[in-house]
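One structure is given below, encoded as structure tokens.
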Amino acid sequence: MQLNYYIETYGCQMNVADTELMGGVLKHDGHRRVPEPDQADVLIVNTCAIREHAEQRVIGRIGQLNRYKQSRPEVRLGVAGCVAKELGRELLDRATYVDFVVGPDSYRQLPEILARVEGGERVVYDRFNRSEHYENLKPYRLEKFAAWITIMRGCDKFCSYCIVPFTRGREKCRTLESVVEEVETSVADGAQEVTLLGQNVNSYHDGGADFPDLLTAVAAVPSLARVRFTTSHPWDFTEKLVDTIAGHDNIMNHVHLPVQSGSNRVLKAMKREYTRESYSRQIDMLRDRIPHCALSTDIIVGFPGETEADFEATLDLMTHTRYNSAYIFMYSPRPHTPAIDLTDEVVPRAVAQERLECLNELQRSIGAAYLLEKVGTTQPVLVQRAARRGRGLLSGWTEHRETVVFPGSEEMIGEIVLVAIGGFSGFTLHAEPVGEPCPVGRYRGELNIIAG
Ligand code: 5AD
Ligand code: SF4
């Protein structure tokens with residue numbers, strides 16, 4: 001049987017990469033991806049459980065997708081990802097229209113799941129599998145020029161607020177050889193840029209190689225113009241890693257290093273295992289070796305017990321660190337996590353909301369100052385697609401991962417071109433192309449000319 005399937009993805013880049021994995025498994029089994037749910041026989045929602053709001057949103061969406069089953073009873077509906085793992089069988093009980101639940105370690109079993117579902121069963125595949133690294137599986141990539149490569153899955157850090165160790169299990173790393181092989185295949189298929197993905201990529205270890213070793217091996221893949229990685233944890237953010245970034249032209253000078261809070265008291269309660277002082281020393285070391293390294297972070301406001309003084313400490317850290325960008329979240333109590341028991345110290349929602357807005361406001365002005373510095377410079381941009389708004393406009397991103405919009409023809413998509421930045425609005429840079437596009441593989445040479 002050949003089925004048409006549709007997958008909708010929520011949450012982080014790990015989920016985007018997992019959607020591509022599911023696509024690979026389903027393609028191998030003879031099924032066909034369709035872009036809209038009304039053309040599909042199988043609907044899958046790949047879900048995120050990180051905050052309650054994210055979870056409720058996907059549960060609402062599953063309810064909406066049920067309307068396709070009502071008009072075409074042969075349609076099957078499945079829930080994948082973190083909510084699938086978190087709720088498991090409960091999902092089948094709560095939503096009678098859900099046909100299957102598949103957790104992050106069970107995507108290889110999709111053909112078996114679909115066969116059972118076609119036979120009339122409702123099934124749950126939500127066990128952890130320590131040995132499932134999804135090796136020898138070709139993902140169905142949604143983007144040709146920028147490939148997401150999962151190098152590790154799960155997390156061993158157990159920060160007191162985070163559900164991930166319970167939805168994605170303990171940390172497990174692929175071998176260096178299999179990661180490099182996948183990078184080589186994606187480059188052969190047209191990728192200019194790869195992003196190495198994991199909950200804590202810098203704690204990667206395959207028994208022999210550590211993360212800087214892996215980065216070095218990946219950066220050596222011929223014709224690979226850009227290497228990125230996300231997310232890092234300050235615990236494993238070493239000088240060796242910074243030297244590795246500094247030592248390779250094609251490893252992008254952009255680090256995402258979540259700090260979560262600027263208060264040592266809150267960091268301790270979060271079980272982050274570092275202090276604001278040790279974190280700031282790491283940033284100083286990074287900026288000392290790579291002066292123009294872009295830096296982004298994640299911050300949680302309203303963690304239980306966060307006082308005005310704790311919040312001021314975060315404000316102060318952000319003022320001094322000057323991030324290029326920051327994702328600021330309101331704390332959300334999650335099942336299984338130790339922080340959910342801190343019910344005596346809850347920060348009122350209105351206070352947390354005010355702190356969130358205050359940090360966002362500060363970050364907006366710092367971020368805008370960085371964009372302003374770019375105006376008048378020439379930047380290499382990986383052209384991604386036709387811009388969503390504006391005819392004849394293309395959109396792409398810089399080394400620092402800023403979005404750039406500029407006029408150009410669609411043949412430029414997938415190339416790295418030089419553009420002159422003329423201005424910006426919101427978080428988007430506006431530019432004009434200068435000269436000829438850099439052909440694939442000549443990027444490093446071009447970059448050296450600019451630097452010289
Ligand atoms: N509440 C709010 N934000 C959270 N994050 C993780 N868990 C929670 C939670 N319970 C944020 C952290 C993390 C990012 C991916 O999501 O900042 O770095
Ligand atoms: Fe959401 Fe975390 Fe799961 Fe990613 S790993 S989808 S952020 S809960």
Side-chain angles (χ1 to χ4, degrees), residues 9-19 21 46-52 54-55 80-88 103-107 126-135 148-175 179 195-207 209-211 214-215 228-238 241 255-261 266-274 279 282 296-300 303 327 329 331-340:
T9 311
Y10 293 85
C12 62
Q13 288 308 332
M14 296 287 296
N15 263 13
V16 174
D18 278 358
T19 289
L21 267 181
N46 192 2
T47 60
C48 174
I50 196 100
R51 282 168 289 275
E52 198 185 351
E55 183 177 323
C82 291
V83 178
K85 174 64 199 165
E86 183 202 345
L87 298 180
D105 278 355
S106 305
Y107 299 144
D126 64 350
R127 291 248 183 92
F128 282 137
N129 178 353
R130 292 282 307 152
S131 59
E132 179 55 280
H133 296 272
Y134 292 113
E135 280 167 347
W148 305 101
I149 314 254
T150 304
I151 64 165
M152 63 181 323
R153 304 178 69 85
C155 179
D156 281 353
K157 294 283 190 282
F158 288 92
C159 300
S160 66
Y161 51 80
C162 188
I163 197 172
V164 169
F166 306 96
T167 57
R168 288 189 167 262
R170 304 299 294 268
E171 205 167 277
K172 50 187 182 180
C173 300
R174 291 172 63 181
T175 62
V179 172
T195 304
L196 306 182
L197 280 182
Q199 246 75 43
N200 286 307
V201 281
N202 52 334
S203 72
Y204 173 90
H205 217 287
D206 79 346
D210 63 8
F211 184 59
L214 178 72
L215 259 186
R228 300 180 184 278
F229 56 91
T230 195
T231 289
S232 302
H233 189 292
W235 179 250
D236 308 287
F237 194 78
T238 59
L241 172 56
V255 170
H256 183 67
L257 198 61
V259 67
Q260 311 298 1
S261 170
V266 174
L267 287 173
K268 193 156 187 230
M270 288 176 163
K271 286 213 173 64
R272 289 293 287 178
E273 311 289 352
Y274 56 84
Y279 180 90
Q282 287 174 320
S296 53
T297 201
D298 293 342
I299 287 182
I300 298 176
F303 186 80
Y327 301 90
F329 307 106
Y331 168 73
S332 163
R334 303 307 292 133
H336 312 294
T337 63
I340 200 171

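The structure places CZ of Arg168 at 4.5 Å from SG of Cys82, a figure rounded to the nearest 0.5 Å. The distance from atom CD of Gln260 to atom CZ of Phe329, rounded to the nearest 0.5 Å, is 8.5 Å. Taking CD1 of Ile340 as the start and OH of Tyr161 as the end, the distance is 15.5 Å to the nearest 0.5 Å. With rounding to the nearest 0.5 Å, the separation of NZ in Lys157 from SG in Cys162 is 12.0 Å. If you take CZ on Phe303 and SG on Cys159, they are separated by 9.5 Å, rounding to the nearest 0.5 Å. Taken from OH in Tyr274 to CZ in Phe237, the straight-line distance is 12.5 Å, to the nearest 0.5 Å.
The side-chain hydrogen bond (donor to acceptor under 3.5 Å, both in side chains) check on Glu86 picks up nothing, with sequence neighbours excluded. Applying the salt bridge (charged side-chain N to carboxylate O under 4.0 Å, His left out) test to Asp298 and every residue at least two apart in sequence or in another chain returns nothing. In terms of the salt bridge (charged side-chain N to carboxylate O under 4.0 Å, His left out) criterion, residue partners of Asp105 (sequence neighbours excluded) are, by chain and number, Lys172. Residues passing the salt bridge (charged side-chain N to carboxylate O under 4.0 Å, His left out) test with Glu171, sequence neighbours excluded: none. Thr231 pairs by the side chain to side chain contact (heavy atoms under 4.5 Å, CB included) definition with His256, Pro258, not counting sequence neighbours. Not counting sequence neighbours, the partners of Thr19 by the side-chain hydrogen bond (donor to acceptor under 3.5 Å, both in side chains) test are Thr9, Asn46. Applying the side chain to side chain contact (heavy atoms under 4.5 Å, CB included) criterion to Glu52, with sequence neighbours excluded, gives Gln56, Ser332, Arg334. Checked against side chain to side chain contact (heavy atoms under 4.5 Å, CB included), Ala209 has the following partners two or more places apart in sequence or in another chain: Leu176, Asp206, Asp213. For Arg272, the salt bridge (charged side-chain N to carboxylate O under 4.0 Å, His left out) criterion is met by no residue, not counting sequence neighbours. Applying the side-chain hydrogen bond (donor to acceptor under 3.5 Å, both in side chains) criterion to Asp210, with sequence neighbours excluded, gives Lys240. Checked against side-chain hydrogen bond (donor to acceptor under 3.5 Å, both in side chains), Gln282 has no partners two or more places apart in sequence or in another chain. For Thr195, the side chain to side chain contact (heavy atoms under 4.5 Å, CB included) criterion is met by Trp148, Glu193, Leu197, Arg228, Thr230, not counting sequence neighbours.
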Query raised in the report: Run the side-chain contact (heavy atoms from CB on, under 4.5 Å) check on Gln199 and Met152 step by step: do they pass?
Result: CA-CA 7 Å; Gln199 246 75 43; Met152 63 181 323; 5.9 Å; no
Report task. May I have the step-by-step check of side chain to side chain donor-acceptor pair (under 3.5 Å) for Thr238 and Asp236, ending in yes or no? Result -> CA-CA 6 Å; Thr238 59; Asp236 308 287; over 6 Å; no
Requested in this report: List the steps, then state whether side-chain contact (heavy atoms from CB on, under 4.5 Å) holds for Cys155 with His233.
Outcome: CA-CA 11 Å; Cys155 179; His233 189 292; over 6 Å; no
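Between the side chain of Asp126 and the backbone N or O of Gly103, no donor-acceptor pair lies under 3.5 Å. Between the Tyr134 side chain and the Tyr107 main chain, a donor and an acceptor come within less than 3.5 Å of each other. Between the side chain of Arg174 and the backbone N or O of Thr150 there is at least one donor-acceptor pair closer than 3.5 Å. A donor-acceptor pair under 3.5 Å is formed between the side chain of Tyr279 and the backbone N or O of Leu257. Listed for the Arg153 side chain is a donor-acceptor partner under 3.5 Å among the backbone atoms of Pro104. The backbone N or O of Glu135 sits nowhere less than 3.5 Å from a side-chain atom of His133 that would complete a donor-acceptor pair. Remark: the backbone N or O of Ser232 is not paired with any side-chain donor or acceptor of Asn200 at under 3.5 angstrom.
Aromatic ring centres of Tyr204 and Phe229: separated by at least 6.0 Å.
Nearest heavy atoms, Val83 versus Glu55: CG2-CG, 3.9 Å. Residue Thr297 comes nearest to Val259 through the heavy atom pair OG1-N, 2.9 Å, listed as atom of the first residue, atom of the second, then distance. Between Cys48 and Gly11 the shortest heavy-atom distance is CB-CA, 3.5 Å. Here the closest heavy-atom approach between residue Ala49 and residue Thr167 is recorded as CB-CG2, 4.3 Å. Between Ser261 and Leu267 the shortest heavy-atom distance is O-CD2, 3.5 Å. Closest of all the heavy-atom pairs between Lys271 and Ser160 is CB-N, 4.2 Å.
Residues Tyr331 and Ile300 form a side-chain contact, since some pair of their non-hydrogen atoms from C-beta on lies under 4.5 Å apart. Proximity of Ile151 to Phe211: side-chain heavy atoms (C-beta onward) are separated by under 4.5 Å at one or more points.
By the neighbour-count criterion of 12 heavy atoms within 6.0 Å, atom CZ of Phe158 is densely surrounded, having more than that number from other residues, nucleotides or ligands.
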